[in-house]
Amino acid sequence: MKEKIILTGDRPTGKLHLGHYVGSIKKRLEMQDKEFKKMYVMIADSQALTDNFSNPEKIRDSIKEIILDYLACGINPEKVTIFIQSMIPELTEYTFYFLNLVTLSRLERNPTVKSELAQKDFNNTIPVGFLCYPVSQAADITLFKANLVPVGVDQLPMLEQTNEIVRKFNSLYGKTLVECEGVLPDNENSFRLPGIDGKSKMSKSLGNCIYLSDDSKTVYEKVMKMYTDPNHINISDPGKIEGNVVFTYLEVFAKDEDFKKYLPELKNLEELKQAYQKGGVGDVKIKKFLYNILEELLTPIRIKRQELENNMDYVYEVLKKGTKEAQEVAKENMKEFKKAMKINYFE
Ligand code: TRP
């Protein structure tokens with residue numbers, strides 16, 4: 001791990017939710033306590049602007065929310081360099097050269113871009129900046145020489161595209177860049193945490209999120225609204241587990257200790273599943289159980305966030321310090337890459 005350089009990031013388009021937490025924040029918290037050479041967490045505002053260019057205010061506000069969420073979750077600025085993407089001019093510069101190494105049809109075939117295009121309503125007028133954001137993401141990763149990238153599964157096509165660019169760059173300009181590897185959550189159920197409606201993944205635009213900053217009452221209401229088994233009407237009816245969001249969440253969040261604390265009549269999730277399928281366990285019961293578990297996770301985050309909100313000077317200091325450090329690294333590394341490309345004319 002000593003030679004590992006870790007880089008990851010989020011687009012600042014709103015507060016972070018439970019999907020972010022299990023999909024990547026949790027892994028970052030684990031990784032920051034292990035041995036590594038360097039770890040960066042980037043707030044990807046330039047990338048967020050590629051589909052929010054008409055709403056820069058939203059991005060600006062979200063940077064504040066995201067840094068608060070990071071620190072409240074326990075991302076440790078003593079160990080991790082947190083920075084803002086647009087403050088690193090070399091990233092833009094680098095992206096420009098990378099654009100030569102990618103074809104338009106390859107970008108159009110990128111599965112992540114494709115599914116995002118399907119969701120958004122660009123009406124066949126796709127902004128070039130949006131289509132090219134995978135190229136800028138390749139720049140994010142390689143400029144900092146990152147070889148480990150903790151992300152959600154939806155980001156794997158981005159890493160594949162990055163590595164293609166790396167290979168192309170190296171074949172043209174000599175071995176300079178390193179390939180990267182994604183790091184996924186341990187629990188497969190965390191790959192795509194569904195929203196509370198169970199329809200698809202948790203997503204701000206679908207309004208089905210539990211935010212890390214939601215208050216207790218809101219979390220309670222959202223859990224009580226969760227999609228379960230529509231045919232499980234009476235407590236005595238047998239219930240279905242498949243597609244039942246409460247159980248999907250329990251797979252991700254419930255530990256055996258939680259049963260001791262909050263549901264002592266059962267030992268573990270296996271027993272609860274069997275009891276539910278047999279009939280005799282009500283939805284309110286499983287929802288209250290899940291609520292207790294989520295509250296145990298969210299309460300300390302909420303308290304820490306409140307403290308930080310009262311100390312915004314410190315929060316911005318963390319961002320400034322991280323950004324300054326990233327700027328220095330970017331400047332140094334850029335020299336190397338320019339040399340490889342033979343565009344270091346005055347040296
Ligand atoms: N595309 C990522 C997302 O939507 C954010 C991101 C930008 C990123 N640059 C990155 C993630 C580099 C990992 C590495 O969440």
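Ligands are counted one by one from 1 in listed order, and the atoms in each one are counted from 1 as well.
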Salt bridge check, Glu347 against Lys338: does any charged N sit closer than 4.0 Å to a carboxylate O? no
Which of the ligand 1 atoms, numbered from 1, are nearer than 4.0 Å to a heavy atom of Val151: 13 (C)
Purely on distance, is any nitrogen or oxygen of Thr8 under 3.5 Å from one on ligand 1? no
State yes or no: do Tyr211 and Tyr220 share one hydrophobic cluster built from I, L, V, M, F, W and Y residues joined by side-chain heavy-atom distances below 4.5 Å, directly or via other members? no
State, with a plain yes or no, whether a side-chain heavy atom of His17 is found less than 4.5 Å away from one of Asp214. no
Measure up the Tyr94 and Phe169 rings against each other and bin them: parallel (under 30°), tilted (30 to 60°), perpendicular (over 60°). perpendicular
Answer side chain, backbone, both or neither: which part of Gln85 comes under 4.0 Å from ligand 1, heavy atoms only. neither
Here the atoms of ligand 1 under 4.0 Å from any heavy atom belonging to Val149 are 13 (C), 14 (C)
for atom 1 (N) of ligand 1, nearest protein heavy atom and its distance come out as Gln47 OE1, 2.7 Å
Of the protein's non-hydrogen atoms, which lies at the shortest distance from atom 15 (O) of ligand 1, and what is that distance? Gly9 O, 4.0 Å
Have Ser216 and Glu295 got a donor and an acceptor in their side chains that come within less than 3.5 Å? yes
Look only at interatomic distance and state if Arg11 has a nitrogen or oxygen under 3.5 Å from any nitrogen or oxygen of ligand 1. yes
Does a side chain donor of either Asp140 or Gln85 reach within less than 3.5 Å of an acceptor in the other side chain? yes
Row check, Tyr40 ring normal vs Lys38 NZ/CZ: under 6.0 Å, within 45°: yes
Numbered atoms of ligand 1 (with element) below 4.0 Å of Leu7, judged on heavy atoms: 12 (C), 14 (C)
Close-contact set for ligand 1 against Asp140 heavy atoms, below 4.0 Å: 7 (C), 9 (N), 10 (C)
How far is atom 8 (C) of ligand 1 from the closest protein heavy atom, and which atom is that? Gln137 NE2, 3.4 Å
Those atoms of ligand 1 less than 4.0 Å from some heavy atom in Ala44: 7 (C)
Scan side-chain atoms only and decide if Tyr276 and Asp283 contain a donor-acceptor pair under the 3.5 Å cut-off. yes
Measure Gln155 to ligand 1 on non-hydrogen atoms and call it side chain, backbone, both or neither using the 4.0 Å cut-off. side chain
